[in-house]
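The next block holds one structure in the form of structure tokens; read it before the comments.
Only a predicted model underlies this, so the values are computations on that prediction, with no experimental measurement involved. Here, residue 1 is the first one in the sequence, and each next residue gets the next number. Whatever order the structure lists ligands and atoms in, that order sets their numbers, starting from 1.
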Amino acid sequence: MFIFIIRINMLSPFLKYTIFCALFIGSIRSWDPDAGLIKSYTKLHNVTVQASSGTHPENVIDSNDNTNWVSAHCLPYGYLNRNDVNIIFGACKTGACLSSGNSGNGLGVATDGNPYTAAHVQKNGSSAFLSVDLVNSQVLQIISVGGVFPSPTHLYVYEVTKFGSQKHLLKTFTSTDNYKNINIPGTNFTVNKLELVSDSGFTVKDMGAIGENGCTEHITVDLGHERSVGTIRTRHWAGSNAATKLVLKTSTNGHIWNMVADLDPNAVHAVTTRIQPADIRYITLEYKVHMVNHKKVYCFEVDAWDENGIWGPEISAKPQVNTFREILGVNGIWGWGTKSYSDKLGPNEGPLLYSEVASHARNYHNLVWDVTDPDLDPEYDAMAAGHGTQAMWWLNWDTEYRAWNAANLTVDISIQFTNKTVPESKWNTPEQSAFHYGQQVAKHFGSVQGNGLVQAVEVGNEPWDYNAAFYASVLKGMASGLKSMDNKLIVIPGTFQAEDKDHENTYIGTRVLPEVADNIDVINCHTYSFINDDAGIRKGTYPENKLSTFNNIRPITRWRDTNTPKKPIWVTEWGWDSDGVGEQCRGTECVSERAQAVYAVRGLLLLARSNIERATWYFYANTECDTLFCRSGLTSSHKNNFQKKAVFYTFQKFLQYVGNTYFLGIIQENDNGFVYALSDKPHACLENASVSDLLQHASHVIGWLPVDISNKNSRQTTLQLPAETQVSFAWRIAGSSNDRLFKTTDYQQSGNSLEITLKTEPLVLKFNHKTITSIVG
Ligand SMILES: *[C@@H]1O[C@H](CO)[C@@H](O)[C@H](O)[C@H]1NC(C)=O
Ligand SMILES: *[C@@H]1O[C@H](CO)[C@@H](O)[C@H](O)[C@H]1NC(C)=O
Ligand SMILES: *[C@@H]1O[C@H](CO)[C@@H](O)[C@H](O)[C@H]1NC(C)=O
Ligand SMILES: *[C@@H]1O[C@H](CO)[C@@H](O)[C@H](O)[C@H]1NC(C)=O
Ligand SMILES: *[C@@H]1O[C@H](CO)[C@@H](O)[C@H](O)[C@H]1NC(C)=O
């Protein structure tokens, strides 16, 4: 690019113009639908998979969590021809066997893993015998014998004892056992020899034994090169009770292995494991198979990335241009859980209640409340005149949104429609109908031609059940319809993710296309904080967790940086589910009420630090249901009169103390603590400023440990303050309902040196800069 610009200046105006056009087209071509992805190492070139047995090892790198490798089964007899399981495989070929005599094929075939080849043991004197020495004495789990026994034939094992060898009879075979393969449970003592003895000659089709290591199966992914691996994702459910143990191992050379994790073979869902980052080439899952007939083990998918996993590197922080109060908003709904218009609601419910902690509100504006058919006109003029929308005779959005505005909430409407509520087949002309609807919304609610009650419009909330091309054409139509009537309206696509192309139904790359770039203003994202635990169960977690889905702001930011670099990102849903105020929380994702409050502040800080323009909490209140997202409220549900939860009080206090400040920069951000500088003025020019510059301009610092709420650790960190700077107040955000400002002993200032104690609960410190005041004064 730079080289082109130098050349352009040396060219004629005409050529300049042509090259500019070429560059312009070039820049459109640089659109990358996959710009958010961090490719798994197992999806690169030259990756191969080997398995100990079974079929379709390649399925573990096919980008499909639902296809799998399946091992062969060890029991009852599958192990016989496996020299990695059968500890006497080949013994009679290598001189470990002794017999009274034999004829025919030779003794070798007695332990060749093939029951269709037989060794005939002949009598010498009064008896016939075949003995097999074990190379390594050990406890046996299974012994298999198949043969033909004209007279009773005894199976002995020789136990190794302090006093020499002790012989035990395990089984006597008779002619009823002829031609069968028979498995005998093993020993619980150490054995060094097996022996078959009979009064007459006998035939051995095959003998085998499983030793103390049991049956192990493994699947190994060879990355083809050493890669820096810090994150391994496996969908490794082994089958029901098919494995008793599963270990994850890595290697650089395929010979020396490091055991990096114990996995739960019964985890049904995929599990992501963080390992000490290292250059490795081989990844192995080693299953200890349950010693039961016909058990096979599975593996469905193996992925690997560096230490940042699928999320990629952290976002580089910039000074915020929005205050915390401006960033924070709330998701609401018509009537806010009451059954009346918001203008009828008092100060302890509805918009007046929630505007205490929100500068904007987002509504799920159902398309089916406007039109019974997406090809029809919503008839907003008639609505304003009191005749309802085309779909709902009683509805007047103006009344509702006017009350929201009156509470100082700017309004973002997410036009909600899905394939379930408005099926694809119902749209006769998807793009044109969406265009027309968009025009009507903008004309009525926009500020240019309409009543100005709505500031932003989202084309869908989570429209994830539509075909990609179908949604893309609705987005194209509606966005251009909205813009054609009102260029001030903020137009936003539905929410999608940019990290995982294989979850196609939620993927941004096939839905937000270059053709809409000019008609959208914001990139939309929902950010919840979940991890899958060791059993693959989804759990709520703290927002800094390196594995948390809260990190999905990174891929969407990369996508934005490449494709729509000037457009802000709005996190239009985020939050945690918790119990509290008399309402239980039952999902596996639930966190405590205190965690919800503390994580809320930490989450808001992370979003502000990551250049997010808006963070709209989900949800204003709990709802009267019992599943995930039913307990995300800032308050209890209507049933319990919208009582404030700790998160409400915490946001309220947070906004009271630092709501008008801006995130300024990172003082420290590592496992020993996160410490951010805030300032009461925007300082866009302080990007990449030094810590001392940040502290010079900071009105506050806030610091915490990036750990789970249950973690009681604390760490000291020392800041070198500018001259004559004093702490004027301190507040530990404990996440309780009656969290008050208090003089805390959690900091100590001596001279310019300020030592602060970081815990899971953030500590806010306000500064007085005497020198700056006096210089300015
Ligand atoms: C894959 O392996 C082939 C043959 O070893 C080699 O020539 C090629 O460069 C490798 N490709 C990559 C992307 O590493
Ligand atoms: C049979 O037994 C005798 C005496 O125990 C022994 O000398 C001989 O070598 C044996 N024959 C075979 C074929 O093993
Ligand atoms: C070993 O096996 C014997 C006989 O089956 C049993 O009585 C004994 O409890 C076992 N010992 C151990 C340590 O499992
Ligand atoms: C809305 O904001 C204005 C201006 O800041 C203020 O005077 C008014 O009291 C606010 N209204 C509500 C309901 O908070
Ligand atoms: C949309 O819904 C219809 C049924 O109403 C269904 O046939 C179609 O497969 C759905 N589209 C997608 C992409 O799932």
Ligand-side contact atoms (ligand 4) for residue partner Leu352, heavy atom cut-off under 4.0 Å: 13 (C)
Atom CH2 of Trp393 with >12 non-hydrogen neighbours under 6.0 angstrom: no
Structural part of Ala406 in contact with ligand 4, heavy atom criterion under 4.0 angstrom: backbone
Which atom pairs, nitrogen or oxygen on both sides, join ligand 5 and the protein at under 3.5 angstrom?
unit_1   : atom_1 : unit_2 : atom_2 : d
ligand 5 : 2 (O)  : Asn419 : OD1    : 3.1
ligand 5 : 2 (O)  : Asn419 : ND2    : 2.3
ligand 5 : 11 (N) : Asn419 : ND2    : 2.9
ligand 5 : 14 (O) : Asp465 : O      : 3.4

Any donor-acceptor N or O pair under 3.5 Å, side chains Thr67, His56: no
Thr421 backbone acceptor or donor facing Thr418 side chain under 3.5 Å: yes
Residues in side chain to side chain contact (heavy atoms under 4.5 Å, CB included) contact with Ala615, at least two apart in sequence or another chain: Ile327, Trp574, Leu604, Leu607
Residues which pass side chain to side chain contact (heavy atoms under 4.5 Å, CB included) with Ala469, listed by chain and number, not counting sequence neighbours: Asn467
Heavy atoms from other residues, nucleotides or ligands near NZ of Lys567 exceed 12 (cutoff 6.0 Å): yes
Residue list, side chain to side chain contact (heavy atoms under 4.5 Å, CB included) with Arg325, at least two apart or on another chain: Thr323, Leu655, Asn660
